[in-house]
Amino acid sequence: MARPIVLSNGELHVGINTYGMVHDFYFPYVGFENHSAGKDTRHKVGVWCDGQISWLDDSDWQITQQIASGALIGHTKAWNEQLEILLEFDDFITTHTNAFIRNIHVVNLKSEERDIRLFMHQAFAIGDSRSNTDTAQYLPDSDAVLHYRGRRAFIIGGKTAHGLPFDQHSIGLFGIEGREGTYRDADDGNLSGSNVEHGRVDSTIRFQLLVPGHESRRVSYWIAAGTSMREALMVHRQMQEKDTSYHLAQTVNWWDEWLQPVYVAADKLPTKYRELFIHSALVIKAHIDKRGAVIASSDTSMLNYSRDAYAYCWPRDGAYALWPLMRLGYEAEARQFFEFCRRGLHPNGYLMHKYRADGALGSSWHPYVHGTESAPPIQEDETALTLFMFAQYYHQQEDKALLDEFYDSMVRPMADFMASYVDQLTGLPRPSYDLWEEKFLTTTYTTAVVQASLAAAAELAEIMDDGDNAVKWRTASDDMIVAAHKYLYNHKREAFYKGLIVKNDQIEFDETIDVSSFYGVYMFGLFSSRSEEVTQMYQTLTDTFHLSDKSPGLPRYEYDEYHRIDTHSLGNTWVITSLWLAQYSLEVHDQPQAMAILDWLDRNVGAANMLAEQIDPSSGAPLSVSPLVWSHAEYMATLLDLTMEQSS
């Protein structure tokens with residue numbers, strides 16, 4: 001299930017599902033420690049009226065959702081024709097403290113006064129715990145319910161427009177001992193008032209509202225987060241003391257200020273692209289932890305079907321995500337990311353597969369042993385792209401102190417590793433895993449990024465008066481370009497090889513048509529975008545994937561099996577690779593083709609303007625995680641390229 005609404009302040013991050021219910025609740029890192037992971041931990045919302053209860057995930061609710069155009073504020077409308085009730089939620093996370101707030105508008109669509117009871121349910125597995133050791137308690141002196149485990153505490157509170165707190169509560173168990181959850185206590189419109197429980201605990205609170213005909217009432221509901229009960233209570237008291245409008249105004253003002261560079265760029269775009277451009281910047285920012293990690297996606301829905309989700313920082317994804325922000329002049333986010341990568345750098349000078357938001361190594365399926373060869377379990381392009389982006393960041397800032405800080409601790413070890421990690425037979429980078437995390441070989445894409453990063457490192461070495469390393473790294477880059485022109489183009493298929501690997505002094509080629517090979521060679525200057533080889537591969541992509549104005553989207557490569565919908569197709573369409581093609585079109589001044597891809601993508605954007613990882617090639621429905629930060633970043637990058645093309 002997609003997350004049409006994601007909210008964040010760099011510490012607290014909440015994902016709201018298509019039913020308008022909290023389904024991901026991360027704290028104190030964006031993307032790490034999801035305290036509501038899994039289908040049983042959805043925070044249900046219910047309405048009791050006229051003797052019956054209805055929850056938002058029941059079939060009788062019609063729900064629409066969106067994020068405000070100028071702030072990370074979610075808006076959900078839920079209409080129940082049978083009950084004749086409308087609920088409107090304005091959801092946000094305060095930018096000045098760690099509180100998730102839902103400002104709920106309850107509308108009575110009947111002509112007579114009614115007793116409407118709003119139920120808010122909380123189901124945490126704190127720290128993604130499976131040991132059933134959470135505690136929940138009613139706090140009478142604070143008009144609140146506390147959920148805690150160890151150094152994580154969440155205070156649930158709220159008030160009506162008249163300042164009255166919730167009037168009933170219930171605390172119990174869910175998912176164990178045959179218990180469904182305390183939300184079932186609300187079936188008759190009343191809660192039992194149970195005050196404490198430990199184990200796998202949940203809670204429900206009630207607001208009773210007398211609403212005249214064709215009128216409405218408002219409820220403010222919040223979850224205050226802290227690393228201790230004391231800290232969470234301090235946040236809770238701030239929510240009690242100030243109206244929700246105060247916190248909303250502060251949050252809106254913060255986002256408005258942060259978005260100023262985005263607004264300037266958006267004004268140069270065709271009107272039809274502006275909304276998603278601004279929204280994409282918000283989505284990217286929502287996935288950036290204040291300590292530097294850039295999370296690929298906070299959507300954990302695939303945990304119901306797979307072993308893991310995307311709530312990690314891949315250095316490659318992070319670098320691509322930050323590139324459009326860097327182009328717009330944002331500084332802090334990029335610097336924090338490079339500091340994060342430097343902290344995670346292996347002593348041998350390379351970045352590992354992926355990292356948790358707290359900087360620890362993420363899970364991996366890459367071994368150290370590959371047949372008869374031992375090699376680090378990495379994707380070398382991640383190290384290379386991070387170094388390449390750092391060089392771009394430095395040239396934007398022109399701050400010698402920045403280079404003084406990062407040169408010895410990050411630039412030099414990365415460049416030394418890549419300059420030495422070269423196959424003696426081919427002169428190309430030694431094998432590592434491809435950017436799609438699947439194959440161990442020397443890919444065209446990785447070669448392109450590595451040679452560009454070595455050239456960029458050589459420029460930095462010259463600035464640092466490090467002449468020996470400048471010569472060494474530039475020579476390594478130049479030699480790779482020569483080797484690439486010798487080995488990496490497949491004249492038979494008129495396309496670049498996906499890659500190659502040396503076995504027993506024999507070179508084995510992978511002839512798969514992979515869009516990353518095309519993108520890598522022209523984007524990182526391995527071959528000119530106007531070269532015969534690149535032009536021929538563009539035509540090969542067009543022919544192989546049957547591209548047209550109606551269907552201009554691309555898979556990653558031929559016969560891609562990942563989440564594949566139609567076994568007769570060459571693979572699902574990916575947002576990233578399709579936008580790479582649009583960027584190439586702009587590179588060669590084919591603006592109509594680029595805009596055809598952008599228009600096709602706008603027709604197939606997911607709920608609430610969220611870009612997924614993939615698109616069903618038949619129906620246009622979003623597939624896999626949504627949102628995917630990299631997809632939004634490539635959308636922004638493409639539109640920034642469009643503004644450059646239009647001004648040239």
Side-chain angles (χ1 to χ4, degrees), residues 314-317 319-320 323 350-351 378-392 414-415 417-419 421-423 426-459 473-490 494-501 509-538 540-541 554 556-557 576-577 579-581 583-584 587-588 630 634 637 641:
W314 279 263
R316 174 202 317 102
D317 293 45
Y320 275 125
W323 178 230
Y350 50 78
L351 291 167
I378 64 171
Q379 300 163 281
E380 190 183 357
D381 72 290
E382 297 200 276
T383 303
L385 187 65
T386 300
L387 177 53
F388 180 83
M389 289 298 183
F390 175 80
Q392 311 313 304
M414 283 182 165
F417 165 71
M418 289 184 287
Y421 200 67
V422 176
D423 181 81
T426 64
L428 298 169
R430 287 179 58 193
S432 65
Y433 281 89
D434 69 332
L435 82 162
W436 310 130
E437 308 177 286
E438 296 172 338
K439 288 194 172 184
F440 181 75
L441 76 170
T442 297
T443 65
T444 296
Y445 170 82
T446 296
T447 301
V449 186
V450 168
Q451 67 81 23
S453 70
L454 284 168
E459 291 182 10
W473 299 337
R474 191 172 302 282
T475 300
S477 174
D478 291 344
D479 289 348
M480 262 178 217
I481 294 174
V482 172
H485 282 250
K486 179 179 179 180
Y487 289 110
L488 293 180
Y489 189 73
N490 183 353
E494 295 188 330
F496 293 96
Y497 289 109
K498 180 184 181 76
L500 58 82
I501 192 165
F509 293 94
D510 186 333
E511 296 190 355
T512 305
I513 303 298
D514 189 318
V515 182
S516 70
S517 301
F518 172 75
Y519 173 77
V521 296
Y522 86 79
M523 179 56 69
F524 296 98
L526 191 59
F527 285 72
S528 165
S529 60
R530 295 285 190 177
S531 67
E532 182 180 356
E533 294 89 347
V534 172
T535 303
Q536 287 176 338
M537 186 165 185
Y538 172 76
T540 299
L541 291 175
L554 286 167
R556 294 186 299 180
Y557 54 82
I576 295 164
T577 51
L579 288 169
W580 282 350
L581 188 64
Q583 291 168 28
Y584 172 75
E587 176 84 9
V588 296
W630 192 357
E634 293 296 349
D641 289 350

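Numbers here simply count residues along the sequence, with the first being 1.
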Which donor-acceptor pairs under 3.5 Å do the side chains of residues 478-489 make with protein atoms, sequence neighbours left out?
from : atom 1 : to   : atom 2 : distance (Å)
H485 : NE2    : L526 : O      : 3.0
Y489 : OH     : Q536 : OE1    : 2.4

Show me the side-chain donor-acceptor pairs of residues 448-456 shorter than 3.5 Å, one per line, residues at least two apart or across chains.
from : atom 1 : to   : atom 2 : distance (Å)
Q451 : NE2    : A448 : O      : 3.2
Q451 : NE2    : F524 : O      : 2.8
S453 : OG     : V449 : O      : 3.4
S453 : OG     : V450 : O      : 2.9

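Interatomic distance, CD of Q379 versus OG1 of T443, reported as 9.5 Å (0.5 Å rounding). Here the OH atom belonging to Y350 is positioned 9.0 Å from the OG1 atom belonging to T383, to the nearest 0.5 angstrom. To the nearest 0.5 angstrom, N490 atom CG is 11.5 Å from L500 atom CG. In this structure, the separation between CG on L435 and CG on D514 is 7.0 Å, given to the nearest 0.5 Å. Put simply, CG on L385 and CZ on F390 are 14.0 Å apart, with the number rounded to the nearest 0.5 Å. Separation of atoms CG (D434) and CD (E380) is listed at 13.0 Å; rounding is to 0.5 Å.
A side-chain donor-acceptor contact under 3.5 Å links T442 to the backbone of P429. The main-chain N or O of S528 is found under 3.5 Å from a side-chain atom of S531 such that the two form a donor-acceptor pair. The backbone N or O of Y497 sits less than 3.5 Å from a side-chain atom of T444, completing a donor-acceptor pair. Looking only at distances, a side-chain donor or acceptor of T386 sits under 3.5 Å from a matching main-chain atom of E382.
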Next item on the list: Kindly indicate, with the supporting measurements, whether the criterion side-chain contact (heavy atoms from CB on, under 4.5 Å) is fulfilled by W314 and E437.
Entry: CA-CA 11 Å; W314 279 263; E437 308 177 286; 2.6 Å; yes
Item checked: Stepwise side-chain contact (heavy atoms from CB on, under 4.5 Å) test for D423 and L428 -> CA-CA 6 Å; D423 181 81; L428 298 169; 5.5 Å; no
Notebook entry, point to check: Can you check side-chain contact (heavy atoms from CB on, under 4.5 Å) on Y557 and T577, steps first, answer last?
Noted result: CA-CA 9 Å; Y557 54 82; T577 51; over 6 Å; no
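Using a 4.5 Å heavy-atom cutoff, the side chains of Y433 and I378 are not in contact. Taking 4.5 Å as the limit, every side-chain heavy atom of E494 sits out of range of all side-chain heavy atoms of E533. When side chains are defined from C-beta on, V534 counts as touching V521, because their heavy atoms get closer than 4.5 Å. The shortest side-chain heavy-atom distance between W580 and M523 does not fall under the 4.5 Å cut-off. Residues D381 and R316 are in side-chain contact: their nearest non-hydrogen atoms beyond the backbone lie under 4.5 Å apart. M414 is not listed as a side-chain neighbour of F388, based on a closest heavy-atom distance of 4.5 Å or more.
Listed by chain and number, the residues in a salt bridge (charged side-chain N to carboxylate O under 4.0 Å, His left out) with K439 are D510 (sequence neighbours excluded). Shown here are the salt bridge (charged side-chain N to carboxylate O under 4.0 Å, His left out) partners of E438, two or more places apart in sequence or in another chain: R556. Partners of W323 under the side chain to side chain donor-acceptor pair (under 3.5 Å) rule, at least two apart in sequence or in another chain, do not exist in this structure. Partners of E459 by salt bridge (charged side-chain N to carboxylate O under 4.0 Å, His left out), not counting sequence neighbours: none found.
Heavy atoms only, all atoms of each residue included: I513 and A495 are closest at CD1-CB, 3.5 Å. The shortest non-hydrogen separation linking L387 to A457 is CD2-CB, 4.0 Å. Nearest heavy-atom pair across W473 and A419 is CD1-CB, 4.0 Å.
Y519 and Y584 have their aromatic ring centers separated by at least 6.0 angstrom.
Using cut-offs of 30° and 60° on the angle between ring planes, the pair F496 and F527 is perpendicular.
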